[in-house]
Structure formats: structure tokens, C-alpha cells
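Note on naming: letters A, B, ... go to the chains in the order of the sequence lines (proteins, then strands), and numbering restarts at 1 for each one.
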2 protein chains.
Amino acid sequence: MKNNDNPTMKDVAREAGVALGTVSRVINGIPVGESYRLRVEEAIEKLGYRVNSYARGLKTNRTNCVALLMPSLSHPFFAALTDKLTACLMKHGYRSILMITNYDPEAEKKCLVLGHENKVDGVIALTYSPDLQPDDATPMVTIDRHCGDSIPCVSSDNYRGGEIAAEKLAELGCRRLLFMSVASDIPGEVEKRGEGFEAACRRLHIAYEQIILHDRDTEAPFYDFLLRHIREGVPDFDGIFCNTDRLACRMRDFLLGQGIRIPEDVQLIGYDGITDYATGRYTCSTIVQPIAQIAETAVSLLLDTTGLAVPTNICLPVHYAPGGTTRE
Amino acid sequence: MKNNDNPTMKDVAREAGVALGTVSRVINGIPVGESYRLRVEEAIEKLGYRVNSYARGLKTNRTNCVALLMPSLSHPFFAALTDKLTACLMKHGYRSILMITNYDPEAEKKCLVLGHENKVDGVIALTYSPDLQPDDATPMVTIDRHCGDSIPCVSSDNYRGGEIAAEKLAELGCRRLLFMSVASDIPGEVEKRGEGFEAACRRLHIAYEQIILHDRDTEAPFYDFLLRHIREGVPDFDGIFCNTDRLACRMRDFLLGQGIRIPEDVQLIGYDGITDYATGRYTCSTIVQPIAQIAETAVSLLLDTTGLAVPTNICLPVHYAPGGTTRE
DNA sequence: GGCGTTTCGTGAAACGTTACACATCTTCTG
DNA sequence: CAGAAGATGTGTAACGTTTCACGAAACGCC
């Protein structure tokens, strides 16, 4: 499969006429006499030597690899998060091993075993088990789900996000609100969006209704629900909060197709701040999650883990971003 | 960072009272006497032994890791492809190391070096360099871009896809077509969609115009273009072909917002077949790429590489899928 | 100018596997 | 029944690094 005549440190040492240990020190940036260093660097250059991370990993028990557990990449939030996580890890000199779990706790466990075998230095998981535990002492950080006090979790302020959505809709003059959401069977941080929304509605004395689905694969019930609530082109609601931009975008598309004007007839707010769907010209209003910051926080939480520090849960702020108009 | 008292094969051997080699054979499925095998398996179970892939990789020079070079995950096609590739690789017992290149040829080269150091067994690249070469003898497969005769490339039939789009629009009665596209500076397979579209239009004697952008970051010129071509609510075009679903979806959203009916006033066809945007109720028509099949083909092309077989370019068929209506 | 102290290079011993030569024990064959 | 041919287990030498004890040279100090 591969012809394997890659030069090793030994070859470099011979070429440079120095000891093996000296080559190692040059490579690892440990002080070495100027003339030696130059000779070694020259030899490395000449031979096209590349370090073998497997030999290094075996010896040092550190691999510079982090496992990323994601339920799927077809949801744009996960894709964006994975994108940022990978970029951020690379910046820190880490490689990311991507594992797709399909929302399946069993698969998640298998991935952790695989990660253990692969000696990853850490795991960042967006898990759908209530209590995922690292397979061994590998450090782990979760996103959007608490998995016990020993595992730090980073999320954005979903509860507050829900509140903001309701407040914003109220501010825009809406009085009959609808909350649409696809929820996980095991409630995690994400489900707090609904709680926050509900609390704010109650506090503001605004009528609200909700439709919550547990099936990720079809949006048909949403359409049916909306159709039932549109009488002669006028919807029962004047404000809708969707718990993802993707959902908001589809509902918007549907409503526009029904001849309902947005935002004139119905105000629509999504959630996530995915630029694909929101925060541009002609796009949805949204509650923006600081995706890049979530990724950075997760990474630094993971890499700083000293074994001594107390695991911290970090909750990052969200904000409202108005969408563009649909008319010019 | 990690307490490291993981049991090794030596521990297992001692526990089971057999030789090291025997443990190795059990683990690797090489025939071993029944009683020995049981003893070893028991010891493995009892100690919670896990193979150390770094030791194994060092010895065998095979790592069961494949590097995935992707320009970004924020485009849903790349995300979906990465999702499928990873799933497919996992099924074959391979792990995928994800590398994000940001469409940057320099970054791509660095990723290949990183891959080499990490001793990946192969590389699957969606590259934006015209001539990406593997850093060493590592097998490589590209997607949607030919990088020389020695490197197999898998893509779908973009030229035909463009043709189909034009034919379909013609069939639906359209006579003034528009092609909208975001194109790469260095034309790859993807740019053939436009060629096919153009050729078909000419062949069918249908008028067409096109707007091709080279900036991935803004869609403003598209909106401006459309606005210039809408006179008193009536667009100059009765059929639009967008070179991605994402683009089609945004244009559709915009047109609907302008009060233009789809598909009554304007027929719209996207490209990719991303379920997020197309092929559902209330969604765009599209040319469907067989994403899962592309992923599977790339993987099997990569893993079957024997060093002897002639590199093959594979072109998979695409098909048209009608979108849902916007009215009920 | 001897003597500690620092600086820097050397060589060998790990790290946890696999693979291979060898030993041992059966089984077959003429 | 001797000897060849298979099974099957053992022990050890790699794989390419890092690390560490050691030695050699250079330096400063009273």
C-alpha cells in the first residue's frame, strides 16, 4: 500500500554525524550548540525527515489528537461547531478525530472506546446520553449537556435566549405567540429555550401556544399545525419562535408560500445564528449563539485540564439579531 | 493530564499464564487453542485491557486513520459529504482525521504534511488546488477535482446535471433562463454544471443569461441583479438554475418575499439534493447528487488501492427531483 | 590551579505492540 | 514404528521515538 523508506531520526543522526539524542533535542527545541543544531537541521532538510507521531505517541503517551463526538453533521449547528472546533484545535497543534454518533448513546460509548484505543488526549462531546462517562481517565468536555459534576460543560444561555425571543416579539407588538421546537427525548440545555420563552410570556402576560416534536426526521406535523391555524390567509399567531434557524427558515419559506408576509403579518425568530439561514439580507431574525466562542471555550477548558482544577460549567451569553426585510 | 496505569498485553499474558505472542494472536484472530483463547479472553475482560493503537501503528505502519481534507463545513454539501465519509470509514474500521483548509491551497499542503506525520493510511481531499500531490506515497483520492493522472477522482456528472436542469426548465415551459453560480477561481468539476447548462440551452434554442460570482462570502450582487431584472413585480426570467441548493433556497426566499410566485411565475432549480433545502414538502427542485454514493466510492477507491491498480476516475449519475409546492 | 558548577552531547533503555525463528507436541504416512 | 509434516505455543528482536544517567568540556571562584 505504501513504499516505506521514510528516513528516521537515526538516519538524520548518521547524516549529521551526531548522536540520536541530539537530533531529538533539536526537534523538540531543547537548547543545543549552534553548530550542532545547524548540522542537524541541514540533515533533516536534506533527507526530508518527518517525525513519526506514532513512535512519539507510544513513548510520550500524548498524541495531540482530540476526539470530536457529534450526533450528525447534517444539522448546520453541528457542522458549524465542528468547523470551529477543528480550526481551533488545529491552531493549538491538535488534530481532531471526528466521530459521528447518530444521536445514539450506544454509538457514543463505542466511540469513547475507540478514542481510548486511539489514545486521544481528550474528548469534546455533543452527547445525547444523560450520563456519558469517559472510558478511562481521558479528559472530556461536553457541549450543551451536563453529564455529571466531574465533567465540565460549555453551553450558551439557552434559558435567557428563550426569554429574549419572547421579549423581542412582545416589543415588536406581538400578542399571540407560538413556540415551535424539535426536542430531544432526554432534555438537555437546549430544551431550556422553551422554559425561558414560557417564563417570559407568563411574566409579560402574553398568550402563547407551543408545538414540540420529538422526531428529528419530519417536519410535516409543523406544516399541518400551521395550516390548521391559518384561516382565510390570516394566521392565529402574530409571532413565532422556532428553536433552530433551520426550522425557522423552513417555516418562513412555507408561510411566504402561503402568501403570509414576514414580518408584516407574522414576526419570526429562529435560534442559533447560522449565517446560512439568518443574520443576512433577506434572512430570519434569530437568537445568536456565539459558536466560535463556544468552540474556543470548550477547547481551552479541555487543554487546560490539569487534573487539579475544579471542573467548571461555562454558560456564554446570546444576543438577538434582526433579520433582513423581505421587501425592498 | 492522565493517570496511566492501563494494562498492557504483558499484563494480560501474566494474568492468563501464557506467552505474549499468544495474547497477540488471540487479539488478532489468529487460530489459538480453545483453552488458551478462553484464558486470554478472560484475562482481557478482567483487566479491562485495550489495545494501544500507537504501539500497533508503530510496529505495523498501518494506523486505520484517514485524513479528510475539507475546505469548510459551513457549506451543507461539504458537511453532508463529511458526515457520509466519516460514517463509511467507521464502518470499514477506519477513523477520520478532519482537516479544514478554508479553500486555501497552502493550508491544504500543510494538512498533507500533518497527515504524513500522523501516518494516515490515506487521504480523501476536496481540494481547491489544481495539482495537490500527496506528501509521500500515501494513497489519495480527490472529490470533484482532477489532480493529475496518478490520483483517482470521484465526482458526479456535473455536465449532465447542468444539461438536465436546462432540459427540465425547457420542459416546464420556460423560455428565458438564468444561471446563477458561485464559482471557484480554478475551474473544477463543479464548474461543468454551467457548461452543460449552456450547451443544452443552445441546443434547445433557449435564451439564457448568467451571473457568476467568485466571492463566496456575499450574495448581495445576486440580489441586486435580480432587483434590476424585476419590473413591476414581473421578473425578466421564467426559469432560474442555481448551482447549489443553498443559493437556490436564498433566491427563492428572496423572490417569494418580492411577491413572485414559485413555481407559477418563475421555475427554480437548485443543485446538490441537500435534504435541508430540497426534496421535501415546500422545498426547491434540485439536481440530486448521490452524496452517500460519492462517499462510498471514494472510500472504496481509497481502501482498495493496491499500488498496482490503475487509478480510475469515477463519474456518478445525477437526477432531477421536483420540489414541493409553495401553496396548498 | 584545583574544585565545584554548569552546559551540552552521548548512548542505551524504555514505550506496547507485531512478526518471526524456534521448540514442542501431534498426527499422518509408507 | 521411524521420520516427515503439520499444529500450536514461546521468546525475542524490531518499529522510531523520548528520556535519563553519565561523561566531557568549559567556566568561574577563592
Taking distance alone, no hydrogens or angles, what donor-acceptor pairs closer than 3.5 Å link side-chain atoms of residues 20-32 of chain A to residues at least two apart or in another chain?
unit_1: A/Ser24; atom_1: OG; unit_2: A/Asn28; atom_2: ND2; d: 3.4
unit_1: A/Asn28; atom_1: ND2; unit_2: A/Ser24; atom_2: O; d: 2.8

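- With sequence neighbours left out, the ring-ring contact (aromatic ring centres under 6.0 Å, His included) criterion links A/Phe78 to A/His75.
- Contact annotation for A/Leu20: base contact, defined as any heavy-atom pair under 4.0 Å involving a base atom.
- Listed nucleotides C/dT17, D/dT17, D/dT8 differ in distance to A/Asn52; the shortest reach to its side chain belongs to D/dT17.
- Side-chain atoms of A/Asp121 come within 3.5 Å of backbone atoms of A/Thr63 as a donor-acceptor pair (strictly under, hydrogens ignored).
- Using a distance-only test at 3.5 Å, with no hydrogens or angles considered, no donor-acceptor pair links the side chain of B/Thr312 to the main chain of B/Ile314.
- Rounded to a whole Å, the CZ atom of A/Arg62 is 15 Å from the C1' atom of D/dT19.
- Following rounding to the nearest Å, B/Asn28 (CG) and C/dG16 (P) show an atom-to-atom distance of 17 Å.
- Between A/Asn64 atom CG and D/dT17 atom P the separation is 15 Å, expressed in whole Å.
- Along DNA chain D, the nucleotide nearest to B/Gly17 and the one nearest to A/Val51 differ in position, and the one closer to the 5' end is contacted by B/Gly17.
- Rounded to an integer number of Å, the gap from B/Glu117 CD to D/dG16 P is 15 Å.
- On a pure distance criterion of 3.5 Å, no polar donor-acceptor pair joins the side chain of B/Arg56 and the base of C/dG16.
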Result block: side-chain N/O donor-acceptor pairs under 3.5 angstrom for residues 40-48 of chain B, not counting sequence neighbours:
unit_1: B/Glu41; atom_1: OE2; unit_2: B/Arg37; atom_2: NE; d: 3.3
unit_1: B/Lys46; atom_1: NZ; unit_2: B/Glu15; atom_2: OE2; d: 2.8

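- Nearest nucleotide to the side chain of A/Thr8, out of D/dT17, C/dT10, C/dG16: D/dT17.
- Contact of A/Lys59 with C/dA14 (side chain to base): a donor-acceptor pair of N or O atoms is detected under 3.5 Å.
- For DNA chain D, the neighbouring residues in residues 30-50 of chain B, judged by any heavy atom under 4.0 Å, are B/Val32, B/Gly33, B/Tyr36.
- Qualifying salt bridge (Lys or Arg N to Asp or Glu O under 4.0 Å) partners for A/Lys110, counting only residues two or more places apart in sequence or in other chains: none.
- Note on B/Thr60: every side-chain N or O is 4.0 Å or more away from OP1 and OP2 of C/dT18.
- Rounded to whole angstrom, the span from the NZ atom of A/Lys10 across to the P atom of D/dT18 amounts to 14 Å.
- One can place CD1 of B/Ile27 at 14 Å from C1' of C/dA19, the figure rounded to the nearest angstrom.
- The interatomic distance linking A/Arg25 (CZ) with C/dG11 (P) rounds to 14 Å, in whole Å.
- With sequence neighbours left out, B/Tyr103 forms a ring-ring contact (aromatic ring centres under 6.0 Å, His included) with B/Tyr128.
- Closest to the side chain of B/Leu58, out of D/dT17, C/dG16, C/dT10, is C/dG16.
- When heavy atoms are screened at a 4.0 angstrom cut-off, A/Ser24 is found touching base atoms of the nucleic acid.
- Note: NZ (B/Lys119) to P (D/dC15) measures 13 Å, nearest angstrom.
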